[in-house]
Amino acid sequence: MDFDFTEKEQAFRAEVKQFIADNLPPPEQRDENFEQQWHAKLGEKKWIGFSWPREHGGGGGTLIEQFILKEEMSKAMAPDLGSDFMGLTWVGPALIRHGTEEQKKEFMPDLLNCRSSWCTGYSEPDVGSDLGSLKLRAVRDGDDYVINGSKIWTTKAHVAKYIFLTVRTNPEAESRYRGISVLLTPMNTPGIEVRPIVNIVGLHHFNQVFFTDVRVPVSARLGAEGEGWKVVMGALANERSGISESTGMERHLEKLKDLARKSFKGGKPALEDAEVRRKIARFETQIAAMRLNGLRNLTKQIKGAQPSSETSVNKLLRGKLEIPMSDLAMGLLGNEATGMGEWQHDSFNFHGTVIGGGSPNIQRNIIAERVLGLPKD
Amino acid sequence: MDFDFTEKEQAFRAEVKQFIADNLPPPEQRDENFEQQWHAKLGEKKWIGFSWPREHGGGGGTLIEQFILKEEMSKAMAPDLGSDFMGLTWVGPALIRHGTEEQKKEFMPDLLNCRSSWCTGYSEPDVGSDLGSLKLRAVRDGDDYVINGSKIWTTKAHVAKYIFLTVRTNPEAESRYRGISVLLTPMNTPGIEVRPIVNIVGLHHFNQVFFTDVRVPVSARLGAEGEGWKVVMGALANERSGISESTGMERHLEKLKDLARKSFKGGKPALEDAEVRRKIARFETQIAAMRLNGLRNLTKQIKGAQPSSETSVNKLLRGKLEIPMSDLAMGLLGNEATGMGEWQHDSFNFHGTVIGGGSPNIQRNIIAERVLGLPKD
Amino acid sequence: MDFGFSEDQEMLRDQVRKFLDDQCPLPQVRTIAAGPQGYSPDLWKQLSELGWLGLTLPEEYGGVGLDWVDLVIILEETGRTLFPSPLVSTTLAATAINAYGTAAQRQQWLPGLASGSHIGTLALLDEIDFLSPEAIRMTATSSGDSYRLSGQKRFVQDASAADVFIVAFRSGAADSDIGLAIVPAQQSGVSVEDTPGWDRTKRTGVLTLEDVEISPDALLGGTMLGAHAVETLVDRGALAVAAEAIGVCEGILSLTSQYALDRKQFGSPIGRYQGVKHPLAEMYVDIECMKSLVYYAAWTLQGEPDEAPAAIAKAKAYASESVCSAGVNGVQLHGAIGYTDEYDMQLFIKRSKWSRATYGDEDFHYDRVATFGGL
Amino acid sequence: MDFGFSEDQEMLRDQVRKFLDDQCPLPQVRTIAAGPQGYSPDLWKQLSELGWLGLTLPEEYGGVGLDWVDLVIILEETGRTLFPSPLVSTTLAATAINAYGTAAQRQQWLPGLASGSHIGTLALLDEIDFLSPEAIRMTATSSGDSYRLSGQKRFVQDASAADVFIVAFRSGAADSDIGLAIVPAQQSGVSVEDTPGWDRTKRTGVLTLEDVEISPDALLGGTMLGAHAVETLVDRGALAVAAEAIGVCEGILSLTSQYALDRKQFGSPIGRYQGVKHPLAEMYVDIECMKSLVYYAAWTLQGEPDEAPAAIAKAKAYASESVCSAGVNGVQLHGAIGYTDEYDMQLFIKRSKWSRATYGDEDFHYDRVATFGGL
């Protein structure tokens, strides 16, 4: 057991810090051109797709280096590593494993150069987030699939150029996890219609996407027909330590501490209130545990263990932290809580992130069933 | 809406207070003869079975008067109203509704004079507390029932003279709630064996009771054959406001406040700790709500509403209060928590009362299914 | 002892419920909330005709002469339907004038407030957002018989709609130096700005006074009333918000239970799962407790006034805590749909945050419960 | 960076686990706990032979020269099986002497503690049960080169079993006036009384000193070590108890998960219900977090000593809170059987209360986390 980073890792951390010092302006000085310039610089460093193999245009970084990179970026309030979150998280890893040469040639360069924008089509109405239940039907017709049905909660579908689309190609497959295929589909394909879903804070991120006789060539299929489950799961398995759950929380904790330092409670400084202090200390402790959980999982993954349900622990912790942290902040704000501001916004917005990664109850089911071996309900 | 008690009720409260002042010594002065003398005096006042009709030897008290009586007795740390808790809670009300003249003559006088001691046979191994699932078989043989099987968690079976025994007389009944009968059975009947179950704090209250070819005459049956469910439910319905859940908690709260007043936390008086103060305030608020819930239910019952799941609310609240209250007390005790004493004892013992009345999860199911109409799991 | 509602009270509830369900269902609430005024003058007029506005005022001033137990019935229902109107604010302003005003002040203001031709509100809080009289910092300067007031009052409910403000101020450092002024919106030096907030069914604003004259007949009760008057009004506000919070929770429970019955997963309703049904059962328990505590607190106002502050503190503490968790659980149990603008759950969670904070959150009131309880 | 155990460490765990499962399963734990000594001298001898007693001591004193990460492995397992022995106490006493003792003191005491021929323990707490050096009130009187001590130390772990006590005292009011004395049990004026408690696998007692002489060579380190030494030892104690608490939670989780699989209701295991499976999932999450925090804290002792106090505070705070709720949920999920003497769950909940309180409960340590965190 050794929490010291190697000299190489420490050197890499120093490099990242120096890069940030040289290139990242504070948030208030970032203009509209900033992100593009920033991503160009990241691209030069090969820090977009940093952990992907070099032969696919990635940076060939280790998982630890990737963690260091992400941690430093998060501390510095840098934007995401790349503009196409869905593409980098889902499409790239799946392409590397399952893509044909043509597919790689078509999509990889744009992914790494921040010129792509992908959305992912998983959830469907009345089905929820269980991929095994997906119903969107694709019927083979010559060299095309013909698709009818709809996807929902499709983030950024209204701005994406492509959709990483899961469809059911064989409804009679022996298991409901077979018979699923993945199609790399341009969003401007005729028959695709996007209906916006405005969220609780009035923003448009989600969409419902309708497919009416949409024709997609067979050559757009990623992986073998009926093997879409493996394609999706393989992408999921890319980095599953849950370490990324904690970095955002650390940033959030610092903001909460700042708020507490300047707040009053019962007419006295909030930091004199034993309950406020202990609540924040509890958050700090849980977030420290999340970070260490992530590092333990990362170690296991580096040593070759197949990641399974480990991320559920940190996802659950995050879901259990965000709402109480926001409740405490709103309490510190007093009547200000009825106004507008970052904390007020978060107190609604957190519900999206808490539900988004699979609700706390889903994480609890996963842990109880897959780790503890309890029966399904 | 009127929380004022009537003049008659206020006069009754004054009478109870005066009686207590005249007759109840403080706990430390109560000797071994005290309970017997106390119960004799209660019997003279007709305060044992106080709400039962006068023609059955009861006191003819109203439900409000009964509440006043119980509340004052609890405040004064008086022992129970009568020595035979199970007999008075279950057997008496059932006898009044369903007993034959012979049965009433045989059992009622002893109940009211504290000469009886009943236990109740409901739970069975592998069945839990769901009466509809009970299996203990009674087969009719001439003028007798022959009983084989066992009951478990039978409180006081080792000292009781009689058992209020639920048996299955007809396993082929159309519903599992029919085919149950109640037999008023002497514990010295041949074939009954009692195995003690020692509890978590080393005390013997529970037992498993084994029945091997136990013969009970048909005349011992209370109510019609196969109608035991109604007999039990009728007894249950006697007073179901949940008001009695709160009186004990009020006493407990006062003790907790006393403990907090003399405790230290982080080297300072515990009452300077905002979290300790708020936790106790929250308990006080919840207990106030319990008392008022009880009074609201009592009002409904007096106005003729059939009591249903109302008691579940207070039972659940009690289950949710006892453990956190004990946790706070143990925290205030610091290292003393590892020793012996009332709070330490309670911190284990509460689990008995929390589970005893139906666990919090059972209460939640009852509320969700019977009140909110959600489907059974 | 009778802890139940009378037949008249049950009829009042039926009437209120029918009116709100017919006249202002949630689509209508959205329309009103999206508008600049935040209430419907047309519905406001109808409330006056129904007698809700002067419900607790004496009949001689156009009121109905009922008490706060009856008012609680109305507020539970306006909470359940998220009805947007300055009803609570106007009632609180009228309560202040009725309780502390001179005969002339009552005669001048109460009939208009009861008839709805005037909208009133309290303006108690200064920059320091602490609901204790000691936090009132707005200090008057004396000018002959009059006072002159400058400064800002924040978190003034329905500020933009109000015609008249009951403004707390002080003339000196002592508790007895606290007074309340009746300040008409059109008086010279008075201005109002709306404060943006997420719950558009409840409007809040900032009242700015620039050298506003408080003549002797604008000084409520004609004298400095002292800290106790402010505490009493804060208590009334807390009780009103707690009563509405009951309804908010009932709305959430009903919406979410129905969703749990309708929404199927693997072929059966999600309400089957204990992970769903247990939080809903807890919500029901909370509602029962809130009702008990709020009804009792409302009764104490007439029945046992010395008990009222402690009873109200308990009611608002419990209500703040419960409405907050009902909002959170309501959204969580809905999943993604609860997080959308088009589904009504979002209206309720927004109100839940408002209800928790307004007139003191759970910590503020639990601190009071501890003190009242001898700790 | 490698946040995993080495092969040697995994082998150590296997060895410990096998030994405890073979030599001291729960029926044997009950027998030992029912006895007057509270530990088995026979097993104690075997621990010494296995090297557990001197695990972290230098080899020159008969130790194994490993570190606290290795010790944590043993303690997780002794926690899981509720193994009753003065292992933690003896380790803490030896740690004190090894860290602060003079060469002569180390030579005199460590070989005996490593071989198990001596049992040691810390005696830090006075009447005032507060784990801060400022609460040490036992004050020495000077007598030539020596000190003389009178008074009582409470909550002394394994007091009756111990041959030697490390006693905290002060010679003046300053933090620097705090010292530690090595007091053999057989010294004149020393007496011990067992304190009854519910968890008989952990023994506690009161140490009474009546005018006991502390000669210069009995003064640990030959000097007044100051408050920091006491704080360091409290931290070690907290870490040891937190490490055992991991095992206690694992024991509860395994017992309760098995019960949830075995126990049928309406024909299917109760582990199917979310009301059962969700608390068990939470227990698993707590265990993972405890492990992360405890392993890291143990590593800081060598790897980043400045970080150790904050890391240990987090570990013990989380452990105290989790072990307490694991005990409660373990019993509750078992239902009535969890409340019986014959079922093993009762042993675990009793230990959980002990683990929560000993060397500081969650509030004590969260208060420290807040301070360390800049609040």
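So that the names make sense, note that chain A is the first sequence line, chain B the second, and so on, each numbered from 1. We use all heavy atoms of the structure for the numbers below, so side chains are in, but hydrogens, waters and symmetry mates are not.
A distance of 7.5 Å separates CD in Glu282(D) from CD1 in Ile367(A), rounded to the nearest 0.5 Å. Between His278(D) atom NE2 and Leu316(A) atom CG the span is 9.5 Å, to the nearest 0.5 Å. For the atom pair NZ of Lys300(A) and CZ of Phe3(D), the computed distance is 10.0 Å after rounding to the nearest 0.5 Å. We find the OH-CG distance between Tyr296(D) and Leu295(A) to be 9.5 Å, quoted to the nearest 0.5 Å. With rounding to the nearest 0.5 angstrom, the NZ atom of Lys314(D) is 10.0 Å from the CD1 atom of Ile287(A).
Using modelled atom types, one side-chain atom of Lys257(A) and one backbone atom of Gly373(D) make a donor-acceptor pair closer than 3.5 Å. Looking at Arg296(A), its side chain does come within 3.5 Å of a backbone N or O of Glu288(D) through a donor-acceptor pair.
Interface summary for chain D: among Ile64(A), Asn361(A), Thr6(A), Ile280(A), the most heavy-atom pairs under 4.5 angstrom belong to Asn361(A). Ranked by non-hydrogen atom pairs under 4.5 Å with chain D, the options Asn293(A), Val276(A), Leu271(A) are led by Asn293(A).
Residue contact with chain A, scored on non-hydrogen atoms closer than 4.5 Å, involves the backbone and the side chain of Thr371(D) alike. Only the side chain of Thr299(A) comes within contact range of chain D, with heavy atoms under 4.5 Å apart. Interface residue Tyr284(D): only side-chain heavy atoms are found under 4.5 Å from chain A. Both the backbone and the side chain of Asp363(D) come within contact range of chain A, with heavy atoms under 4.5 Å apart. With a 4.5 Å cut-off on non-hydrogen atoms, Glu321(D) touches chain A through its side chain but not through its backbone. Contacts between Tyr295(D) and chain A at a heavy-atom distance below 4.5 Å involve backbone atoms as well as side-chain atoms. Asn314(A) does not touch chain D: none of its heavy atoms, backbone or side chain, sits under 4.5 Å away.
A heavy-atom distance below 4.5 Å is found between the side chains of Trp299(D) and Asp4(A). Within the 4.5 Å cutoff, side-chain heavy atoms of Arg261(A) are placed close to those of Leu375(D).
Counting heavy-atom neighbours within 6.0 Å of Met77(A) CE, excluding the residue itself, gives a total above 12. Enclosure of atom NZ in Lys8(A) is not indicated, since only 12 or fewer non-hydrogen atoms of other residues, nucleotides or ligands lie within 6.0 angstrom. The number of heavy atoms from other shown groups lying within 6.0 Å of NZ (Lys45(A)) is above 12.
Between Lys303(A) and Asp2(D) there is a salt bridge, since at least one side-chain N of the basic residue sits less than 4.0 Å from a carboxylate O of the acidic one. Salt bridge status for Arg282(A) with Glu362(D): absent, with no side-chain N to carboxylate O gap under 4.0 Å. A salt bridge links Arg278(A) to Asp367(D): at least one charged side-chain nitrogen sits closer than 4.0 Å to a carboxylate oxygen.
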(request) Go through the steps to decide whether Glu284(A) and Tyr366(D) satisfy the test side chain to side chain contact (heavy atoms under 4.5 Å, CB included), and finish with yes or no. (result) CA-CA 9 Å; Glu284(A) 179 163 346; Tyr366(D) 281 133; over 6 Å; no
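Closest heavy-atom contact between Pro269(D) and Pro375(A): CG-CG, 4.0 Å. In plain terms, the two heavy atoms of Arg272(D) and Lys376(A) that are nearest each other are CG-O, 3.6 Å. In this structure, Asp377(A) and Lys277(D) approach most closely via the heavy-atom pair N-NZ, 3.6 Å. Looking at every heavy atom in both residues, Leu317(A) comes nearest to Cys289(D) through CD1-SG, 3.4 Å. Across all their heavy atoms, Leu372(A) and Leu280(D) have their closest contact at CD1-O, 3.6 Å. Shown here for Leu261(D) and Gly373(A), the closest heavy-atom pair between the two residues is CD2-O, 3.7 Å.
A donor and an acceptor atom, one from each side chain of Ser292(D) and Arg291(A), are nowhere located under 3.5 Å apart.
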